[in-house]
Chemist: 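One structure, as C-alpha cells, below. Some questions next.
We number each residue from 1, following the sequence as shown. For the numbers below, each heavy atom of this structure counts, side chains included, while hydrogens, waters and symmetry mates do not.
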Amino acid sequence: MVSTLSQENVAIELNDLIFEFTPALGPVLDIPSWKMDRGDQIFLQGDSGSGKSTLLSLVAGLQVPTSGQVSVLGATISEMGSRQRDRFRAKNIGVVSQQFNLIPYLSVLDNVLLASQFGEMRTASIGSRAEELLTRVNLGTDLFDRKSSDLSIGQQQRVAIVRALINAPEA
C-alpha cells in the first residue's frame, strides 16, 4: 500500500501510456509506468522525432494518449475534456513551447495579462505581478507597451516564460 504522503508528493505519473499519431505508424511512445515527484528535475534527451515534445504535450494536456493514463498533481488529465484540461493547465502547469504563440498585435503586458485570465489569479495586483516578472527576466518597462511582434526572439521567449509563470503554476 502506498502512503498518502508519498502520493501527495507525486507530480507526474504515467501508467500504460501509449501514443500513436496513426495506427499504421505504431506507437511513438509506449511507457508502462513512470512517475516524477514534486521538486524533481529531469533532462529529456533523444534524437529528433523520438517523442520528447510529444511526451511534454501529453503531460501538459495539449494532447491525449491513445490509451493509458496521465496524472499531474493527482488529477488524471487524460480523462478530462478539452476545456477541463485547458483550465487545469492554466492553473497548474507553466508551459513555454518551442513556438512562443504570442499574439502579435497585443503588447507585451497584454500578452501576459491575457494568460492570467485563464487562471485563478484574477486579483487587483495581477498587473503588478506581471510587471515584476517582466522586470525579473530583464525586460525593461519601455517594452511593456510594445507589440510582441516588434520584439527580438530572445525578448519574445522571455515574455513567453513570464506568461507561463503568471498564474504561479505548481508544475
Chemist: Report whether Leu62 and Leu14 are members of the same hydrophobic cluster (ILVMFWY, side-chain heavy atoms less than 4.5 Å apart, transitive linking).
Modeler: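 Different clusters: Leu62 never reaches Leu14 through Ile, Leu, Val, Met, Phe, Trp or Tyr contacts under 4.5 Å.
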Chemist: Would you give the length of the straight line joining atom OG of Ser53 to atom CG of Leu44, rounded to the nearest 0.5 angstrom?
Modeler: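 Reported value, rounded in 0.5 Å steps: 9.0 Å.
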Chemist: Are any of the side-chain heavy atoms of Val72 and Asn92 separated by less than 4.5 Å?
Modeler: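 No, every pair of side-chain atoms sits at 4.5 Å or beyond.
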Chemist: Can any side-chain N or O of Ser78 pair as donor or acceptor with the backbone N or O of Pro65 at less than 3.5 Å?
Modeler: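 It does not hold such a pair.
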Chemist: I'd like to check Ile18 versus Leu29 (side-chain heavy atoms, cut-off strictly below 4.5 Å). Are they in contact?
Modeler: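 SC-SC contact between Ile18 and Leu29 ruled out.
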Chemist: Any non-hydrogen side-chain atom of Ile126 less than 4.5 Å from a side-chain atom of Leu113?
Modeler: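 Sidechains of Leu113 and Ile126: in contact.
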Chemist: State the OG-CD distance between Ser67 and Glu20, to the nearest 0.5 angstrom.
Modeler: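 Rounded to the nearest 0.5 Å, the OG-CD separation comes out at 7.5 Å.
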Chemist: Can you name the nearest heavy-atom pair linking Asn15 to Ser33, along with the distance?
Modeler: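 The answer is OD1-OG, 3.9 Å.
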Chemist: Do the side chains of Ile31 and Val64 join up, straight or via other hydrophobic residues, at under 4.5 Å, putting them in one cluster?
Modeler: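 No.
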Chemist: To the nearest 0.5 Å, what is the distance between CD (Gln69) and CD (Glu13)?
Modeler: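 It comes to 8.5 Å.
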Chemist: So does Gly81 get a backbone contact from the side chain of Gln84, meaning a donor-acceptor N/O pair under 3.5 Å?
Modeler: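 Judged by distance alone, yes, a pair lies under 3.5 Å.
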Chemist: I'd like to know if the side chain of Ser125 and the backbone of Ser128 have a donor-acceptor N/O pair within less than 3.5 Å.
Modeler: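 Not a single qualifying donor-acceptor pair exists.
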Chemist: Heavy atoms, side chains only, cut-off 4.5 Å: are Thr135 and Glu132 in contact?
Modeler: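 Result no, sub-4.5 Å side-chain heavy-atom pair not found.
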Chemist: Any idea which heavy atoms bring Ser149 and Pro104 closest together, and the distance?
Modeler: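 Smallest heavy-atom distance, with atoms named: OG-O, 3.2 Å.
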Chemist: With side chains defined as the heavy atoms from C-beta onward, is the minimum distance between Ile12 and Asp40 less than 4.5 Å?
Modeler: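 Not touching, per the 4.5 Å side-chain cut-off.
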Chemist: Side-chain heavy atoms under 4.5 angstrom apart, residues restricted to Ile, Leu, Val, Met, Phe, Trp, Tyr: same cluster for Val70 and Ile42?
Modeler: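 Yes.
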Chemist: Ignoring hydrogens and angles, tell me if any N or O in the side chain of Ser107 forms a donor-acceptor pair with the backbone of Asp145 under 3.5 Å.
Modeler: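 No; zero donor-acceptor contacts below 3.5 Å.
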Chemist: Let me check something: do Leu17 and Leu25 share a hydrophobic cluster, defined by ILVMFWY side-chain heavy atoms less than 4.5 Å apart, either directly or through other members?
Modeler: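 No; tracing contacts between hydrophobic side chains, which count when under 4.5 Å, never links both residues.
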Chemist: Going from CG on Leu106 to CZ on Arg146, what distance comes out if it is rounded to the nearest 0.5 angstrom?
Modeler: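 Here the interatomic distance stands at 15.5 Å.
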Chemist: Taking the side chain from Arg38 and the backbone from Glu8, do they hold a donor-acceptor pair closer than 3.5 Å?
Modeler: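 Present.
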Chemist: Does the pair Arg89/Asp86 count as a salt bridge with the N-to-O cut at 4.0 Å?
Modeler: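 Yes, charged N to carboxylate O under 4.0 Å.
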Chemist: So how far is it from Leu134 CG to Ile161 CD1, rounded to the nearest 0.5 Å?
Modeler: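 Reported to 0.5 Å precision, the distance equals 11.0 Å.
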Chemist: Whether the side chain of Lys91 engages the backbone of Ala168 through a donor-acceptor N/O pair (distance < 3.5 Å, no angle test) should be reported.
Modeler: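 No; judged by distance alone, with no hydrogens or angles, the pair does not exist.
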Chemist: So does Leu151 get a backbone contact from the side chain of Gln156, meaning a donor-acceptor N/O pair under 3.5 Å?
Modeler: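 Confirmed, Gln156 side chain pairs with Leu151 backbone.
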Chemist: Apply side-chain contact (heavy atoms from CB on, under 4.5 Å) to residues Gln63 and Phe21 and explain how you reach the verdict.
Modeler: CA-CA 11 Å; Gln63 293 182 300; Phe21 286 107; 4.0 Å; yes
Chemist: Could you point out which residue of Asn111, Val159, Leu143 forms a side chain to side chain contact (heavy atoms under 4.5 Å, CB included) with Ser148?
Modeler: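 Of all the options given, the one that passes is Asn111.
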Chemist: Side chains of Ile166 and Arg129: does their closest heavy-atom pair fall under 4.5 Å?
Modeler: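 Ile166 reaches Arg129 side chain to side chain.
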Chemist: Taking side chain as C-beta onward, heavy atoms only, is Leu109 less than 4.5 Å from Glu131?
Modeler: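 They are in contact (side-chain heavy atoms under 4.5 Å apart), so the answer is yes.
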Chemist: Evaluate the side-chain proximity of Arg163 to Leu102: yes if any heavy-atom separation is below 4.5 Å, no if none is.
Modeler: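 The answer is yes, as the side chains (C-beta and beyond) meet within the 4.5 Å cut-off.
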Chemist: Could you tell me whether the side chain of Arg85 and the main chain of Ile77 form a donor-acceptor pair under 3.5 Å?
Modeler: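 No, Arg85 side chain to Ile77 backbone: no donor-acceptor pair under 3.5 Å.
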Chemist: Quick one: does any side-chain atom of Ser152 pair with a main-chain N or O of Gln155 as donor and acceptor, under 3.5 Å?
Modeler: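 It does hold such a pair.
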